Amino acid sequence: MDLNEYLGLFLDESIEHLQAINSSLLIFEQRLDDEAVIDQIFRSAHTLKGMAGTMGYDAIADLTHEMESALDLVRSKTQPATPELIDVLFVAAEQLETMVEDISQGGTGKLDVATTVVRLKQFINTDSEPGQDTDKPAATVVKNFECDVYSESVVRQSMASGYQAYVITVELSADVILKAARVYMVFDRLQNLGDVILSNPTSDELEQEQFETRFDVLFVTMKSAEDIQGEIKAVSEVAQVLIQPFEVPVEPAAAATLLEPVETPVVSPATDTSNETQTPVAAKTIRVNLERIDRLMNLFEEFIIDRGRLERIAAEAGSSDLTETVERIKRGTNELQSLVLTLRMMPIEQVFNRFPRMVRSVSKDVGKNIKLHITGAETELDRTVIDEIGDPLVHLIRNAVDHGIESKADRILAGKAVEGNLSLRAYHSGNRVFIEIEDDGAGINQERVTKIALEKGLLTEEEAAMLTPEEAAMLLFAPGFSTAETVTDLSGRGVGLDVVKSKIESLGGEVFVETKRGEGTIFRISLPLTLSIISAMLVKLGEETYAIPLTAILETTSLKQDAILQAHREKVFDFRGQLVPLISLNQVYGLPHVEADAYSVVVVRSGEKLAGLIVSELIGQQEIVMKPLGSYLEGIRAISGATILGDGQVALIIDSNALLRK
């Protein structure tokens with residue numbers, strides 16, 4: 001069997017389970033007795049182990065097996081969770097991510113996880129205190145040994161006939177040489193006492209010595225636990241024997257779920273989870289190759305252009321039958337369009353979920369106490385942007401933790417709470433998505449930034465004297481710029497925020513900085529939705545046609561000449577009791593301005609800012625296909641793309657967000 005054909009499925013599902021582990025670990029750290037969260041981590045680790053074992057990624061399988069064993073002790077209340085366990089589980093989750101990422105890049109997924117495995121084993125073995133009889137049979141009832149429906153049925157019938165079921169855990173000596181031989185001797189003795197139902201690892205894996213030093217056996221017998229204990233202990237190089245009664249689940253059908261893929265819900269760390277456990281409903285989904293969706297999108301784009309042409313022909317022909325048919329086509333394609341567009345959209349939660357664990361780890365490394373607040377994780381973005389935006393956000397968040405938020409001592413001196421706050425937000429505005437990383441740190445030191453920029457020759461003394469705080473902050477994105485005084489794992493390695501700016505611009509986005517000395521800094525990223533088909537208002541500027549995305553428009557109005565006011569040497573008008581600036585698009589794009597008694601105005605919004613765009617004529621709403629301008633025309637102010645109209649003309653698409661930004 002060629003396992004390569006399942007690699008894509010393995011990677012997709014591994015990422016989902018790793019996200020579930022990360023989210024659940026953060027909740028587990030706060031609520032160590034939350035059984036539902038522990039079960040989620042256990043199930044995800046168990047599923048990962050099974051998939052990795054099937055695909056031959058032994059390092060992942062070994063690590064998740066030890067995670068299972070440790071979590072199993074917590075689930076069964078054999079041992080309480082400890083801060084040390086939480087720390088090592090976080091380390092294990094990070095190593096699992098590293099291995100899965102390596103596999104996705106064509107690697108083998110191998111990583112030295114020996115230290116982490118040893119730390120997990122130390123927790124697993126801490127239930128035996130020095131001086132106690134570690135081989136005394138435990139009274140704990142085991143409810144979760146992995147058995148299928150057939151094996152469970154055998155256990156039920158055996159117990160109904162007076163047999164007792166046990167889970168026997170055998171630990172061989174660390175320096176054992178012939179592991180398979182010792183396993184055979186243990187099984188040989190057990191066969192004289194009862195029946196072995198299942199083993200973990202499987203008998204084949206045990207025979208090939210595909211295990212460390214520990215294995216489990218599900219066993220039914222008429223003998224006592226003490227008799228079993230004595231027989232196994234008689235085998236040389238057996239270091240420890242743990243015998244626990246096995247309890248069959250109440251519902252026979254419950255074991256069947258072990259044969260099905262486990263659907264693990266992702267718990268967002270930004271939301272409160274009630275104590276009530278809800279049964280997750282598995283969604284019926286299929287995985288579709290992204291290239292097929294791209295092909296579907298391209299075909300549909302051409303169809304939308306032809307539909308616009310057909311509407312124009314129907315209007316000119318004056319045929320009622322043709323007009324009615326076109327209207328039916330339009331209604332059907334509108335619904336089809338919404339379905340096609342949503343295929344590529346994904347919530348940004350997939351990216352945000354990795355950051356709580358990262359902030360926890362990094363803040364510990366730098367000795368700071370930082371709390372991460374996440375809002376807007378449900379905001380949707382195009383899949384392409386989702387895949388690419390992760391690295392820039394990682395860099396900005398690390399920058400905020402390392403540079404932005406002060407040390408505990410400095411925060412106390414500044415009269416701030418010891419715990420720093422880092423906010424990660426996402427929201428829609430018009431046809432763009434904004435992502436903000438805000439910290440309540442010391443803000444950006446304009447003098448220091450300007451001094452470094454002067455030393456590096458990035459600006460002159462005259463230019464430095466005229467810089468605003470925001471302009472000074474943007475110097476951070478200059479190539480090679482760094483304010484780090486010492487080289488650390490987080491910063492000061494000669495690769496500054498210029499890589500962030502380059503990546504965001506390659507996605508058609510922009511990045512801005514707002515800062516207040518002593519209060520904090522906001523890095524704001526503006527990204528296009530990258531939806532190929534949008535609803536737009538077509539307008540005339542002189543003889544040329546332009547398009548304004550409908551998502552940016554509040555309303556359209558007619559404004560008389562005497563309603564135009566002056567404020568701070570700018571034209572404004574009264575919009576619902578608020579003075580809103582007027583922008584002449586003819587002036588912006590260098591077209592002749594025509595005086596009139598009244599003007600058509602399109603009121604647009606970008607974030608909290610409003611503006612009225614003066615146009616020559618309003619044509620009407622239409623579905624348009626966005627096309628990039630290409631490298632030759634890129635950089636034209638306030639133009640985000642172009643579209644082909646039904647009559648074959650090309651119309652430029654106005655970027656209102658750029659117009660409102662100063």
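Just so we're clear, the structure is a prediction, and the values are computed from it rather than from any experiment. Basis for what follows: all heavy atoms, side chains included, without hydrogens, waters or symmetry-related copies.
- Here the straight-line distance linking atom CZ of R576 with atom CG of L554 works out to 7.0 Å at 0.5 Å rounding.
- A donor-acceptor distance shorter than 3.5 angstrom exists from the side chain of T515 to the backbone of I444, with no hydrogens or angles considered.
- Residues I653 and P549 are in side-chain contact: their nearest non-hydrogen atoms beyond the backbone lie under 4.5 Å apart.
- Side chains of L579 and F573 form no contact here, defined as non-hydrogen atoms less than 4.5 Å apart.
- Contact of the V572 side chain with the Q566 side chain is not registered, since no non-hydrogen atoms from C-beta on lie closer than 4.5 Å.
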Verdict with supporting geometry, F355 and V362, side-chain contact (heavy atoms from CB on, under 4.5 Å): CA-CA 10 Å; F355 297 129; V362 174; over 6 Å; no
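- F303 pairs by the ring pair (Phe, Tyr, Trp, His ring centres under 6.0 Å) definition with nothing, not counting sequence neighbours.
- Pairing each heavy atom of A317 with each of L322, the nearest pair is CB-CD2, 4.3 Å.
- Shown are L582, V615, I564; of these, the side chain to side chain contact (heavy atoms under 4.5 Å, CB included) with Y599 is made only by I564.
- Using a 4.0 Å cut-off between a side-chain N of Lys or Arg and a carboxylate O of Asp or Glu, E324 and R328 qualify as a salt bridge.
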Evaluate L652 against Y589 for side-chain contact (heavy atoms from CB on, under 4.5 Å), listing each step before the verdict. CA-CA 11 Å; L652 296 177; Y589 298 119; over 6 Å; no
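- Within a 6.0 Å radius of CD in Q561, more than 12 heavy atoms belonging to other residues, nucleotides or ligands are found.
- Not a single donor-acceptor pair under 3.5 Å links the side chain of S23 to the backbone N or O of A20.
- Remark: the backbone N or O of A426 is paired with a side-chain donor or acceptor of T379 at under 3.5 angstrom.
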Starting from the C-alpha separation in whole Å, work towards a yes-or-no answer on side-chain contact (heavy atoms from CB on, under 4.5 Å) for Y546 and L538. CA-CA 6 Å; Y546 287 74; L538 298 183; over 6 Å; no
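- Between atom CD of residue E380 and atom CD of residue E378 there is a gap of 9.0 Å, rounded to the nearest 0.5 Å.
- Side-chain atoms of L7 and I103, non-hydrogen and from C-beta on, do get closer than 4.5 Å to each other.
- Although no hydrogens or angles enter the test, the distance criterion places a donor-acceptor pair under 3.5 Å between the side chain of Q19 and the main chain of Q350.
- Ring to ring, F512 and F523 are not that close: their centroids are 6.0 angstrom or more apart.
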Tell me, with the steps shown, if N421 and E438 meet side-chain hydrogen bond (donor to acceptor under 3.5 Å, both in side chains). CA-CA 8 Å; N421 291 285; E438 180 178 6; over 6 Å; no
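- The backbone N or O of K330 sits less than 3.5 Å from a side-chain atom of T333, completing a donor-acceptor pair.
- Between A314 and T323 the shortest heavy-atom distance is O-OG1, 3.9 Å.
- How far CD of Q621 is from OG1 of T556: 8.5 Å, rounded to the nearest 0.5 Å.
- Under the 4.0 Å criterion applied to side-chain N and carboxylate O atoms, K540 and E617 are not assigned as salt-bridge partners.
- Nearest heavy atoms, A552 versus S656: CB-OG, 3.2 Å.
- We find that E94 and R354 are not joined by a salt bridge, their nearest charged nitrogen and carboxylate oxygen being 4.0 Å or further apart.
- You'll find the side chain of M51 reaches within 4.5 Å of the side chain of H17, heavy atoms only.
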Does the pair E436 and Y427 meet the rule for a side-chain contact (heavy atoms from CB on, under 4.5 Å), with working shown? CA-CA 9 Å; E436 295 179 348; Y427 57 90; 2.8 Å; yes
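- Using a 4.5 Å heavy-atom cutoff, the side chains of V603 and I553 are not in contact.
- No donor-acceptor pair under 3.5 Å is formed between the side chain of E570 and the backbone N or O of A567.
- In this structure a side-chain-to-backbone donor-acceptor pair under 3.5 Å is missing from E349 to G376.
- Remark: E463 CD is packed, more than 12 non-hydrogen atoms of other residues, nucleotides or ligands lying under 6.0 Å away.
- With rounding to the nearest 0.5 Å, the separation of CG in D574 from CD in Q578 is 9.0 Å.
- Counting heavy atoms from C-beta outward, L467 and L475 have side chains that approach closer than 4.5 Å.
- Scanning both residues, M346 and I386, for their nearest heavy atoms gives O-CD1, 3.8 Å.
- In the displayed structure, E316 atom CD is contacted under 6.0 Å by more than 12 heavy atoms of other residues, nucleotides or ligands.
- In this structure, the side chain of D102 engages the main chain of G109 through a donor-acceptor pair within 3.5 Å.
- Between L591 and E544, the closest side-chain pair of non-hydrogen atoms falls below 4.5 Å.
- Atoms CD and OG1, on Q649 and T545 in that order, are 5.5 Å from each other to the nearest 0.5 Å.
- No side-chain donor-acceptor contact under 3.5 Å links D382 to the backbone of M345.
- Of all heavy-atom pairs spanning S584 and I614, the tightest one is CA-CB, 4.1 Å.
- One N or O on the side chain of N22 and one on the backbone of L18 form a donor-acceptor pair closer than 3.5 Å.
- Atom NZ of K516 sits in a sparse spot, with 12 or fewer heavy atoms from other residues, nucleotides or ligands closer than 6.0 Å.
- Here the CG-CD distance, from L96 to E101, works out to 13.5 Å after rounding to the nearest 0.5 Å.
- S600 approaches S616 most closely through the heavy-atom pair OG-O, 4.4 Å.
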